[in-house]
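Fair warning: this is a prediction, and the values are worked out from it, not measured in the lab. Residue numbering restarts at 1 for every chain, and letters A, B, ... go by the order of the sequence lines.
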Amino acid sequence: MTDSLQQAPGPFFGDFGGRFVPEALMAALDELTDAYDKARVDPAFGDELARLARDYTGRPSIVTEVPRFAEHAGGASVWLKREDLNHSGSHKINNVLGQALLTKRIGKTRVIAETGAGQHGVATATAAALMGLECVVYMGEEDTERQALNVARMRLLGAEVIPVTTGTRTLRDAINEAFRDWVASVETTNYIFGTAAGPHPFPAMVRDFQRVISVEAREQMLERGGLPDAVLACVGGGSNAIGSFDAFLDDEGVRLIGCEAAGDGVDTDRHAATLTGGRSGVLHGSRSYILQDDEGQTLPSHSISAGLDYPGVGPQHAYLAEIGRAEYWPVTDAEAMEAFRLLSRTEGILPAIESSHALAGAIRLGRELGSDATLLVTLSGRGDKDVEQAARWFDMLPGEGE
Amino acid sequence: MSALTDRLDAIRAEGRAALIGYLPVGFPDVDTSIRAMVAMVEAGVDIVEVGPPYSDPVLDGPVIQKAVADALEGGVRLSDTFAAVKAIADAGAGAVVMSYFNPMLQHGLADFARDVKEAGGSGVITPDLTPDAGEAWVEAARAADLDTIFLVAPSTTPERMHLTVGASRGFVYATPLMGVTGERASVGDAAERVVREAREAGADHVCVGVGVSTREQAAELAGYVDGVIVGTALVRCLADAEDAESGLAALRSLAADLAAGVREGRA
């Protein structure tokens, strides 16, 4: 079992990962790594996290078969892993509860977080309220505009939301600003990183906290007749995808497909499909794939989905792509919105626009494989936050349509 | 040991600290930025830190962030950095490059080291690369006979201090406070401690930067450091100016003031 791909410890995944940060943060990252290494083998920590998952988040999350949706996916058998039903509305809470517990263990009283769509910010604000921690969330100004509802949610939960006005005013700039805060505040503050990227230990730690998705789903699918032919999940930084893949990594017959945001198309300059259109480099503390120009300047990304609008990707995904264990498909804004419309109308489930990219991947794969195939799709979040944006896309707002 | 340490030793022999000034390449435009670097040298800056702009400068405060964003908007290229290094070397000052890691990596580490060296540069400061993550870079720099200048911070542990001092050549860059670049009223009590710990770990030359902006601060630091590094306050001279000429005049004036400061510190 030594060649298992599961729960790879980092700091490197092949050539990817590592820790490329200012010296000022190294002591804090060492401290966090040490605390996590102790916590992960401490039954008390595991029990507390499991209790919160059950009694607070509402785990295990269910799997739902969606036959009416599947008619549009070649008649394949399509199952959704319902992370949208978690308390606070997405998979993000799985990671945040783990890191917030860790914050308490290392005796820090303030947490900071970056957020794109706002889901990680909401989850962090939620956990901070639950555990009595001061919370500051950095969010790109453009994202505060397209996700205004989540800004209000965070403020209602007692968090301070700071709009970031530099650069492209999106997730990437929010991460820069959170790092700047952390360099100055590291003595009292823990950075609750939202995705499986960044410097070690974040990629491995976030993956471990999100792994519950695939551990549960694998068991649930076995109870329902067997392993799926493929697992699909959307990829921005890649936390729900790596959590959805991990327990399946050693199941050779299970294809793992990450759906990247192709925006207007990967042949345009308006997309966020990092593994399709980027190349190896260092951004935000680790080596991975990046959308960058010939001199290593990060390029602006675009996606209709704020949560996938990021020019980097977690290092373990770069590794899984390189060794061919996972595939990464580009999905355009238009394809994702069509999948959003379909799931809403055929199953009565409003998906997050992020998760709709994975649904679009399932439509494509189902049509390719046909009715014998079984597909498991992680529905990483619910679409409540996206109602206004989706209604605008489909011309459904009063006074805009007919 | 190196051109940089020779220069720092000569300055120490004069009974003063070196003045090290940072400016980003391409702000407000490439020509003006290079003229500004040379003007600083003429006004008394001993060593210029040449900053190739990077899109995600996580260790920089708002003034430098804005300047490098403008420079990138203006189309600055890495080749402009090598041209700036050459202009500074020609003006008789020491030139070091302060670069975030990804532009170095994309240029190729060996090529980057060679191009800095060939332009007349003495070393490279790497704000987001530590020695343990930068073995390949250290190797490339050693092969090109280029100094590797790493940062230490108030949070640096004794183990890491030894590691970092051991991998540094030229000088050790000590940041006296926790935070991004920018002016501060005081550099705080940690400066003396960080410098002392670096020396105890074997550093022959320690320069201090981040937060330093005035003649008084320069004079205070000059009492116990080998070099005083100023960045944001110099960039602000160019950022706040109505036009290039008045910016250069403000820059000369501040540089001269700081140069007086580093000569006042030693009793």
Side-chain angles (χ1 to χ4, degrees), chain A residues 11-12 15 17-31 34 114 164-169 172-189 198-200 279-288 290-300 311-312, chain B residues 52-62 65-66 68-69 71-72 76-81 99-108 112 126-134 137 150-161 163-164 172-175 177-182 194 210:
Chain A
F12 281 95
D15 290 336
R19 191 187 274 174
F20 300 87
V21 298
E23 168 62 24
L25 295 178
M26 288 301 260
L29 289 168
D30 279 339
E31 177 191 36
D34 186 52
E114 83 294 344
V164 176
T165 57
T166 52
T168 54
R169 305 184 303 132
R172 155 191 162 202
D173 308 286
I175 294 175
N176 288 340
E177 210 52 35
F179 271 119
R180 290 181 187 118
D181 179 312
W182 205 27
V183 169
S185 65
V186 67
E187 208 163 310
T188 60
T189 298
H200 182 68
R279 60 175 209 281
S280 176
V282 168
L283 174 68
H284 293 149
S286 60
R287 184 158 191 157
S288 186
I290 309 169
L291 297 178
Q292 56 184 326
D293 74 9
D294 63 323
E295 294 206 328
Q297 308 293 346
T298 313
L299 291 170
Chain B
Y54 174 54
S55 54
D56 295 81
V58 293
L59 208 58
D60 283 307
Q65 279 177 48
K66 172 84 168 60
V68 299
L72 287 170
V76 68
R77 302 281 293 173
L78 195 55
S79 55
D80 299 318
T81 290
S99 180
Y100 287 93
F101 187 49
N102 199 45
M104 296 167 60
L105 190 63
Q106 300 305 323
H107 191 69
F112 192 88
T126 49
D128 64 346
L129 187 73
T130 54
D132 38 344
W137 163 244
F150 292 104
L151 276 64
V152 295
S155 61
T156 300
T157 59
E159 296 77 14
R160 295 199 56 82
M161 187 63 84
L163 168 83
T164 308
V172 171
Y173 190 129
T175 59
L177 41 81
M178 298 298 287
V180 296
T181 57
V194 181
V210 179

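Between the CG atom in A:Leu25 and the CG atom in A:Asp30 there is a gap of 11.0 Å [rounded to 0.5 Å]. Between the CZ atom in A:Phe20 and the CG atom in B:Asp128 there is a gap of 9.5 Å [rounded to 0.5 Å]. Once rounded to the nearest 0.5 Å, the distance linking CG of B:Leu151 with CG of B:Leu129 reads 10.5 Å. To the nearest 0.5 Å, the span separating OG on B:Ser55 from CG on A:Leu283 amounts to 7.5 Å.
Among A:Ala24, A:Ser280, A:Ala27, A:Gly167, the residue with the largest count of heavy-atom pairs under 4.5 Å with chain B is A:Ala24. Ranked by heavy-atom pairs under 4.5 Å with chain B, the list A:His284, A:Glu177, A:Met26 is led by A:Met26. Among B:Val152, B:Leu72, B:Thr175, B:Thr157, the residue making the largest number of heavy-atom pairs under 4.5 Å with chain A is B:Leu72. Top candidate by heavy-atom pairs under 4.5 Å with chain B, chosen from A:Arg19, A:Glu187, A:Arg279, is A:Arg279. In terms of heavy-atom pairs under 4.5 Å with chain A, the best-connected choice from B:Leu105, B:Thr126, B:Thr156 is B:Leu105.
Side-chain contact between A:Pro199 and A:Phe179 is present, with at least one heavy-atom pair separated by less than 4.5 Å.
A:Thr166 touches chain B through its side chain: at least one heavy atom from C-beta onward sits under 4.5 Å away, while N, CA, C and O do not. Looking at A:Ile290, only its side chain comes within 4.5 Å of chain B, counting heavy atoms on both sides. Using a 4.5 Å cut-off between heavy atoms, B:Pro52 does not touch chain A at all. When heavy atoms are compared at a cutoff of 4.5 Å, B:Tyr54 approaches chain A by way of both its backbone and its side chain. Of the atoms belonging to B:Asp132, it is side-chain heavy atoms, and not backbone ones, that fall under 4.5 Å from chain A. Only the backbone of B:Pro127 has a heavy atom closer than 4.5 Å to any heavy atom of chain A.
We find that A:Arg172 and B:Asp56 are joined by a salt bridge, their nearest charged nitrogen and carboxylate oxygen being less than 4.0 Å apart.
In this structure, B:Pro103 and B:Leu78 approach most closely via the heavy-atom pair O-CD2, 4.3 Å. Across all non-hydrogen atoms, the minimal contact from B:Val194 to B:Pro154 is CG2-CA, 3.7 Å.
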